[in-house]
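Right, one structure below, let's go through it.
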2 protein chains.
Amino acid sequence: MEDQEIRKAGLKVTVPRVKILELLEKSPERHVSAEDVYKMLLAAGEDIGLATVYRVLTQFEAAGLVEKHHFEDGYSVFELNTGKHHDHIICVTCGRVEEFVDETIEKRQRIIAEELGFQISEHELVIYGKCLDKNCDCKKKGD
Amino acid sequence: MEDQEIRKAGLKVTVPRVKILELLEKSPERHVSAEDVYKMLLAAGEDIGLATVYRVLTQFEAAGLVEKHHFEDGYSVFELNTGKHHDHIICVTCGRVEEFVDETIEKRQRIIAEELGFQISEHELVIYGKCLDKNCDCKKKGD
DNA sequence: AAAGTGAATGCAAAAGCTTCTCATCTATTG
DNA sequence: CAATAGATGAGAAGCTTTTGCATTCACTTT
Ligand SMILES: [Mn+2]
Ligand SMILES: [Mn+2]
Ligand SMILES: [Zn+2]
Ligand SMILES: [Zn+2]
């Protein structure tokens with residue numbers, strides 16, 4: 001299943017690549033760091049080096065299988081590329097990440113780029129805030 | 001002149017702090033990395049350590065005198081805080097940075113945060129593209 | 001099915017950016 | 001001008017990410 005995607009990317013179908021892609025597809029958390037992936041693999045009993053995780057994620061990104069983001073923390077996070085662009089809003093308290101798309105914002109960006117004489121290649125919009133959800137983990141002080 | 005701003009921030013008025021603030025005010029490039037600041041100081045004959053540059057910039061940020069951004073390059077850039085929020089569009093070819101504000105985008109963000117149950121603390125929007133300006137440095141192949 | 005070949009892997013080392021430690025120095029106050 | 005809390009520079013250390021290299025592996029060819 002994943003095999004075809006990997007092959008299509010011009011990469012050999014190896015255990016690390018299959019496991020990493022599976023993990024990205026099945027992980028409960030869509031947005032994971034290389035370290036996260038590495039630890040999850042370890043926990044799952046896989047013996048895959050951190051360098052390989054970085055290499056594979058980078059190759060997957062180049063192949064368009066995953067996307068890399070820089071949420072202001074000092075490290076990168078990866079997520080499966082769904083083919084549909086979206087932006088992010090992150091809770092600075094609990095780290096929860098929600099995704100959204102707003103066509104008005106997207107359109108305004110195209111207009112702005114046009115006005116300023118730029119040909120857009122991509123953009124990154126991240127909103128930071130506190131989630132007000134009373135059921136969120138970050139509200140449960142004593143559990 | 002800068003002295004008052006530094007004092008107001010609760011910091012002692014020292015040579016490194018004054019020089020760094022002056023540099024940020026006078027630099028032709030608004031968006032500079034810590035390394036940039038360090039090298040410009042060196043070039044100006046000032047003997048200020050890189051660690052001090054980082055410390056001072058961090059303190060200035062905490063005091064609201066400067067802002068820090070993470071344009072996807074792996075390092076941080078700083079700029080004088082004008083008090084007016086703005087976003088950025090960057091040429092991936094020449095690195096030129098333009099600033100813009102779009103009230104429609106700002107408003108939509110507030111609505112989205114509201115809908116998703118977040119209380120916004122800040123946001124960062126960066127558009128990447130190629131500048132089409134024929135007079136831009138990145139178009140002058142043979143000069 | 002076995003061999004051959006280039007690609008992929010794991011580990012350790014190194015790189016790049018940023019922060020920390022600590023001995024020395026300095027701005028500020030009285 | 002002495003006293004003192006705070007600031008500095010140099011280098012060590014910290015973190016994330018990349019790289020070098022010997023070994024292993026996937027895929028093709030016999
Ligand atoms: Mn996402
Ligand atoms: Mn700016
Ligand atoms: Zn968007
Ligand atoms: Zn904005």
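Order of the sequence lines fixes the chain letters, A, B, ..., with proteins taken first and strands second; residue numbering starts at 1 for each chain.
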Sub-4.0 Å heavy-atom contacts from residues 62-70 of chain B onto DNA chain D, ordered by number: none
Which parts of residues 35-52 of chain B get close to DNA chain D, meaning a heavy atom less than 4.0 angstrom away? Asp47(B), Ile48(B), Gly49(B), Ala51(B), Thr52(B)
I'd like to know if the side chain of [X] and the backbone of [Y] have a donor-acceptor N/O pair within less than 3.5 Å.
X: Asn81(B); Y: Gly64(B); value: yes
X: Arg108(B); Y: Asp102(A); value: no
X: Thr52(B); Y: Ile48(B); value: no

Under 4.5 Å between any side-chain heavy atoms of [X] and [Y], yes or no?
X: Arg17(A); Y: Lys12(A); value: yes
X: Val126(A); Y: Glu124(A); value: yes
X: Leu24(A); Y: Val32(A); value: yes
X: Met40(A); Y: Ser27(A); value: yes

Do Glu99(B) and His31(B) have side-chain N/O donor and acceptor atoms under 3.5 Å apart? yes
So Glu106(A) and His85(A), side-chain hydrogen bond (donor to acceptor under 3.5 Å, both in side chains) or not? Walk me through it. CA-CA 10 Å; Glu106(A) 300 295 323; His85(A) 164 75; 3.0 Å; yes
Could you list where the contact with chain A starts and ends along DNA chain C, reading 5' to 3', using a 4.0 Å heavy-atom cut-off? dG6(C) to dA12(C)
Base, sugar-phosphate, or nothing: which does Ser33(B) touch, judged by heavy atoms less than 4.0 Å apart?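 It contacts nothing in the nucleic acid.
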Once you round to the nearest 0.5 Å, how far does NE2 of His123(A) lie from CD1 of Ile112(A)?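 Result: 11.0 Å between the selected atoms.
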So Glu79(B) and His88(B), side-chain hydrogen bond (donor to acceptor under 3.5 Å, both in side chains) or not? Walk me through it. CA-CA 12 Å; Glu79(B) 70 174 312; His88(B) 300 91; 3.3 Å; yes
Taking ring-ring contact (aromatic ring centres under 6.0 Å, His included) as the definition, give me every residue that meets it alongside Tyr128(B), ordered by chain and number, with sequence neighbours left out.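 Checked Tyr128(B) against ring-ring contact (aromatic ring centres under 6.0 Å, His included); zero matches.
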Roughly, in whole Å, what's the span from CZ in Arg7(B) to C1' in dG6(D)? 14 Å
Atom-pair distance (CD on Glu72(A); P on dT16(D)), nearest Å: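 To the nearest whole Å, that distance equals 16 Å.
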With the threshold set at 4.0 Å, does a side-chain nitrogen-carboxylate oxygen contact exist between Arg7(B) and Glu5(B)? no
Basic-acidic side-chain contact under 4.0 Å: Glu61(A), Arg55(A):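 Salt bridge between Glu61(A) and Arg55(A), a charged N being under 4.0 Å from a carboxylate O: no.
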Which residues in residues 53-60 of chain B have a heavy atom closer than 4.0 Å to any atom of DNA chain C?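 Tyr54(B), Arg55(B), in order of number.
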Nucleic acid contacts - residues 12-22 of chain A versus DNA chain C, non-hydrogen atoms under 4.0 Å: Lys12(A), Thr14(A), Pro16(A), Arg17(A)
Glu114(A) atom CD: more than 12 heavy-atom contacts under 6.0 Å: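 No.
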